[in-house]
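A quick write-up on the structure given underneath.
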There are 2 protein chains.
Amino acid sequence: MAETREPARKRTNDPEGMRQRILDVAELAFQERGYHATSLGDLMHAAGVTGGALHHHFATKKALGMAVIAERVAASVEETWLRRIEEAPSAREGVAQVFAAVAKELERQGFVRGCPLNNLAHELSLADDDFRMVLAGIFEAWRAAIADRMRLDQEAGAEEGVDPDRFAALTVAAYSGAMSMAKTEQDAAMLKVCAEALAAGQGTR
Amino acid sequence: MAETREPARKRTNDPEGMRQRILDVAELAFQERGYHATSLGDLMHAAGVTGGALHHHFATKKALGMAVIAERVAASVEETWLRRIEEAPSAREGVAQVFAAVAKELERQGFVRGCPLNNLAHELSLADDDFRMVLAGIFEAWRAAIADRMRLDQEAGAEEGVDPDRFAALTVAAYSGAMSMAKTEQDAAMLKVCAEALAAGQGTR
DNA sequence: CCAAAAACAGGTCAATCGTCCTGTTTATAA
DNA sequence: TTATAAACAGGACGATTGACCTGTTTTTGG
């Protein structure tokens, strides 16, 4: 009858693609629901992978979390911040551009997921020291990139008297905190206000 | 024999005390381990209460979470920030004092638990809208207190040209972000650096 | 072509979770 | 006193969790 041909269904192995699909859904889920609130079952369903495949690529949930941090969160910071800061005409302008670009993007999508790094840092820093140290490294690289860019400006004769490390620390802190409020209030307003305050030298003399 | 007297053990009902003991351990556990990572069993064990008592005072885990936020997190912000800002000689000095006091306390205890408000805001804002709105209200009150204090200074003739709301937003953002890094790095250094940057007008012109 | 390894399927399993229920004891009010 | 409600004890319950295991299929190296 109709059952005739069932000519051995093909399965195509694509280990790297499968790995990336898992990381895709894990990255999103960890951001929106958090690490602990996301079950491996959720991820299996969302990614359309079986338990065997998931366990093959990531032996434990922690291993998956570490991979998301090392490969996705770090990359996100790099793309959003490091690359743009390097390319900007100056450190200060680069910072302003990132704040503006992120605020614009948040308004476009009408939803604030928060800063990937801060989201996971808050949940995992105290839970596990391995998580904490990797996350701390990303924070440090973030600040270093901004400070280095500021030093470049200074070598070109600008920004006299500014401490690059201090400038970088305040920038990262203001962004992190502003994004924290934006997430809680589901409104990008604080991001814009803080960018203005930083630029105007508000909160200074 | 020895079994003679077992004269009906007394139990003293202390509903308010029991409630506070539960809130005590819940507040601490939610800060250190997070809301989702803390089980009601953990709390029952830590507080030495039974399931019946816990359920009597807090019907659901969410109800307990809401109580911790409304009664403990809000109070923590009030005590750490609002009260000190009101009492300070000026908004700017008050901010500096809080940063310094918190940094000193963190160094004394050698452990950074993070900002209670930000900790829960990050984990719960996207998970539940009831949580989110209460948390957003605390952020708003925090900024309002700082902005109001700045307006007082301005009525006294100081701080011309400063936008109080902008100042408040940057202050809260810088503190939140600095504490986020301090927690991740388990080091109060960022808190002090950011306080200096704010005071020096670093990151400004 | 063939063996060995890698990639994946699908399910088991003990442990743990939050909720809720049925009793018992203590406090309150009439 | 008495009855009525509040406060608490202690456990049951189904659902869910992360880890892991045994097969099968696909790929790779010789």
Side-chain angles (χ1 to χ4, degrees), chain A residues 5-27 29-30 32-69 120 123-124 127-128 130-131, chain B residues 5-27 29-30 32-69 120 123-124 127-128 130-131:
Chain A
R5 264 192 302 149
E6 189 186 286
R9 284 241 154 257
K10 274 280 175 88
R11 190 188 80 202
T12 16
N13 284 0
D14 178 18
E16 194 50 32
M18 168 88 59
R19 205 185 114 95
Q20 295 302 322
R21 271 196 8 246
I22 295 172
L23 287 176
D24 285 343
V25 299
E27 179 186 10
F30 289 170
E32 293 197 346
R33 266 166 284 164
Y35 176 82
H36 287 107
T38 301
S39 76
L40 298 182
D42 293 339
L43 299 180
M44 284 162 51
H45 182 80
V49 304
T50 63
L54 179 55
H55 185 263
H56 175 74
H57 288 282
F58 305 99
T60 65
K61 189 182 183 183
K62 175 175 171 176
L64 175 57
M66 288 290 270
V68 166
I69 294 172
L120 290 183
E123 186 178 3
L124 300 178
D128 187 297
D130 295 324
F131 281 137
Chain B
R5 266 190 300 148
E6 188 184 288
R9 283 239 152 260
K10 275 280 176 92
R11 189 188 80 200
T12 16
N13 283 359
D14 178 17
E16 194 51 31
M18 166 92 51
R19 204 184 115 94
Q20 295 303 321
R21 270 193 13 243
I22 296 172
L23 287 175
D24 285 343
V25 300
E27 179 187 10
F30 288 171
E32 294 196 346
R33 267 166 283 164
Y35 176 83
H36 287 108
T38 301
S39 76
L40 297 183
D42 293 340
L43 299 179
M44 284 163 52
H45 182 79
V49 304
T50 64
L54 179 55
H55 185 262
H56 175 74
H57 289 283
F58 305 98
T60 64
K61 189 181 183 184
K62 175 175 172 176
L64 175 56
M66 289 290 270
V68 166
I69 294 173
L120 290 182
E123 187 178 2
L124 300 178
D128 187 296
D130 295 323
F131 282 136

Between A/G52 and A/G41, the residue closer to the 5' end of DNA chain D by nearest nucleotide is A/G41

Measure from NE2 on A/H36 to P on C/dC17 and round the result to the nearest Å. 11 Å

Taking the side chain as C-beta and beyond, is there a heavy-atom pair between A/I69 and A/L124 under 4.5 Å? yes

A/F58 vs A/L23 side-chain heavy atoms within contact, under 4.5 Å: yes

Nearest-angstrom distance from the residue atom CZ of B/R21 to P of D/dC8: 9 Å

Rounded to whole Å, how long is the line connecting atom NE2 of A/H56 with atom P of C/dA6? 8 Å

Checking only heavy atoms, does the side chain of A/R11 share a donor-acceptor pair with the base of D/dT26 at less than 3.5 Å? no

What nucleic acid atoms does A/T50 come within less than 4.0 Å of, heavy atoms only: base, sugar-phosphate, or nothing? base

Rounded to the Å, how far apart are A/R19 CZ and C/dC8 P? 12 Å

Tell me what B/H55 touches on the nucleic acid: a base, only sugar-phosphate, or nothing, going by heavy atoms under 4.0 Å. base

Write down the distance between CG (A/L40) and C1' (C/dC13), rounded to a whole number of angstrom. 15 Å

Polar side-chain atom of B/R21 near backbone of B/A47 as donor-acceptor pair, under 3.5 Å: yes

To the nearest angstrom, how far is A/H45 atom NE2 from C/dA9 atom P? 15 Å

Mapping B/A37 and A/P15 onto DNA chain C by nearest heavy atom, which one lands closer to the 5' end? A/P15

Taking OP1 and OP2 of D/dT16, is either one under 4.0 Å from a side-chain nitrogen or oxygen of A/S39? no

What residues 58-66 of chain A contributes to the DNA chain C interface at heavy-atom separation below 4.0 Å is none

Whether the side chain of B/E123 engages the backbone of B/H36 through a donor-acceptor N/O pair (distance < 3.5 Å, no angle test) should be reported. yes

I want to confirm an ordering. Mapping B/N13 and A/Y35 to their closest nucleotides on DNA chain D, which one lands closer to the 5' end? B/N13

note: A/M44, atom CE; C/dT12, atom C1'; distance rounded to Å ~ 13 Å

Which value, rounded to the nearest 0.5 Å, describes the distance between B/I22 atom CD1 and B/M44 atom CE? 9.5 Å

Tell me, which pairs form a side-chain hydrogen bond (donor to acceptor under 3.5 Å, both in side chains) where one or both residues lie in residues 56-65 of chain B, sequence neighbours left out? B/K62-B/D128, B/K62-B/D130

Whole-Å gap separating P (D/dA7) and CG (B/L54): 14 Å

Check: A/L43 and A/L64 side chains under 4.5 Å, non-hydrogen atoms: yes

